[in-house]
Amino acid sequence: MISRTLLYVRRITRQLWFRVVLLSACSLLALAVAPWLTGFIPEDLGDRFGRDAALPVLTILASGMLAVTTFSLNIMVSAYRTAAATATPRVYRLLLEDTITQSVLATFVGGFVFSLSAVILFRSGFYTEDAAVVVFATTVVIVALIVGSILRWIDHLSGLGSMDHTLRLIETRSRTSLRQRAERPCLGGCAITDDNSDARPADSIAIPAAESGFVRFIDMTALNTLAKEGDTRVRIARSPGEFVLRGQPVAWLFTADEDLADTASGHIEIGDVRSFDQDPSFGLTLLAETAQRALSPGINDPGTAMEVMGRLERLLWESTPDDIPDAREDVSFPHVEMPPVTARYLLDCAFPPIAHCGKDDPSVMDWMQKGLTALSDHPNSDMAKAAQSLADHLFPTQTD
């Protein structure tokens with residue numbers, strides 16, 4: 001199970017500024033070590049690849065990379081706004097984590113920082129002719145990286161911001177989240193199997209939410225350690241993806257220890273927006289919202305809604321294990337309890353919102369009925385029963 005520290009590190013590495021800063025720092029480091037490598041440079045190379053050879057190339061890079069970076073940023077923002085307008089606004093945050101776009105822009109900025117800094121150092125007389133050879137060799141490498149990034153960027157732009165690219169991105173991220181949760185239905189904790197899992201357990205006190213918002217991450221390792229040291233148990237009342245108000249119970253502590261409850265509250269992250277990290281239904285919700293927007297009167301695009309349902313069917317079919325996982329067999333955190341994610345909950349996040357907007361379109365509803373019928377044959381009996389139950393609810397006349 002991922003720790004909170006590793007989670008924060010992973011979130012930072014997904015941000016655009018991280019790669020930009022990293023490559024810019026590497027560029028400055030390459031310029032700093034150039035004088036130390038002069039001992040490896042043959043004497044005759046200083047006349048051919050010295051200051052006069054490096055400066056013109058660096059000047060061109062310094063002026064050109066700034067324009068390319070600015071133009072690429074404008075394209076990125078425009079494409080992401082288009083995707084958010086045609087799919088769902090919540091996909092914008094997912095698009096910002098696009099690694100190809102981040103790498104390309106980081107290469108452009110790194111090339112600009114390298115060339116501009118090198119020109120300044122040359123004009124200040126910092127480099128000898130031997131060091132200039134090292135800078136020239138590094139410049140050749142930077143130019144090769146920039147050319148490769150431009151070719152990669154051209155290929156990537158052909159789909160950036162399109163509906164196909166956006167749906168593919170959501171589906172890929174959703175599949176990872178669903179499979180991780182399928183492997184550990186209770187995030188490594190003990191499963192709550194009673195019907196009143198939301199009710200307050202006897203002889204327990206509330207662990208209050210530190211702020212209002214969505215539950216984004218539950219640090220199971222920290223909660224289990226805390227409960228073990230206090231000789232007690234923690235029962236999660238709000239799973240990742242659920243909304244809670246400040247002060248409301250986000251979990252229950254099986255002991256009357258207010259200080260322990262306040263400490264435990266700090267191990268449950270709450271934020272303004274939902275996250276894919278422990279929320280397997282978030283991607284399904286984004287896909288459903290995309291279909292709902294496509295079915296709105298202003299757009300009227302049932303084809304996109306049917307494509308979305310096809311992706312939903314594929315996700316639920318392929319990401320659900322054939323056998324029903326026994327949550328009791330994989331308990332890494334025995335002092336933490338939480339309800340497992342059910343197949344019916346996942347289906348309710350995916351299909352009913354689309355049915356609400358597409359009820360007047362026979363082609364959409366026919367596709368949905370066929371999809372639920374197909375899912376009712378899933379090898380996993382929970383998914384099969386849930387799909388059949390939802391089909392009976394949405395299409396009562398057809399199933400009588």
Peer 1: Tell me if a side-chain donor or acceptor on S115 pairs with a main-chain N or O of A62 at a distance below 3.5 Å.
Peer 2: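 Yes, S115 side chain to A62 backbone: donor-acceptor pair under 3.5 Å.
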Peer 1: Dump the intermediate steps for salt bridge (charged side-chain N to carboxylate O under 4.0 Å, His left out) on R11 and D277, then the final yes or no.
Peer 2: CA-CA 10 Å; R11 286 179 180 174; D277 296 314; 3.0 Å; yes
Peer 1: Any donor and acceptor pair, going by atom type alone, linking the side chain of S296 with main-chain N or O of R293 inside 3.5 Å?
Peer 2: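 Checking the backbone N and O of R293 against the side chain of S296, a donor-acceptor pair under 3.5 Å is found.
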Peer 1: H267 pairs by side-chain contact (heavy atoms from CB on, under 4.5 Å) with which of I207, V234, D219?
Peer 2: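 The passing option is D219.
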Peer 1: Can you tell whether the side chains of E171 and R175 come within less than 4.0 Å, N to carboxylate O?
Peer 2: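 Between R175 and E171 there is a salt bridge, with a charged N closer than 4.0 Å to a carboxylate O.
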Peer 1: Any ion pair linking R246 and E211 (charged N to carboxylate O, less than 4.0 Å)?
Peer 2: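 Here E211 does not pair with R246 in a salt bridge, since their nearest N and O are not under 4.0 Å apart.
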Peer 1: Checking side-chain contact (heavy atoms from CB on, under 4.5 Å) against F136, which of V134, V133, V140, T138 comes through?
Peer 2: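 Between F136 and the candidates, side-chain contact (heavy atoms from CB on, under 4.5 Å) is satisfied uniquely by V140.
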Peer 1: For R238 and E242, indicate whether the former's side chain and the latter's backbone hold a donor-acceptor pair under 3.5 Å.
Peer 2: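 No; judged by distance alone, with no hydrogens or angles, the pair does not exist.
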Peer 1: I'd like to know if the side chain of S117 reaches the main chain of F114, judged simply by a donor and an acceptor atom lying under 3.5 Å from each other, with no hydrogens or angles considered.
Peer 2: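 Checked: no pair found.
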Peer 1: Over 60° means perpendicular and under 30° means parallel, so tell me whether H165 and H156 are parallel, tilted or perpendicular.
Peer 2: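 The arrangement is perpendicular - the two ring planes meet at more than 60°.
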Peer 1: Can we say R168 and D164 salt-bridge, meaning some charged N sits less than 4.0 Å from an Asp/Glu carboxylate O?
Peer 2: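 No, R168 and D164 are not salt-bridged.
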Peer 1: Taking E97 first and then R93, would you say they form a salt bridge - that is, a charged N and a carboxylate O separated by under 4.0 Å?
Peer 2: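 No, no charged N to carboxylate O under 4.0 Å.
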Peer 1: Taking atom CZ of F71 as the centre, does the number of heavy atoms from other residues, nucleotides or ligands within less than 6.0 Å exceed 12?
Peer 2: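 Open.
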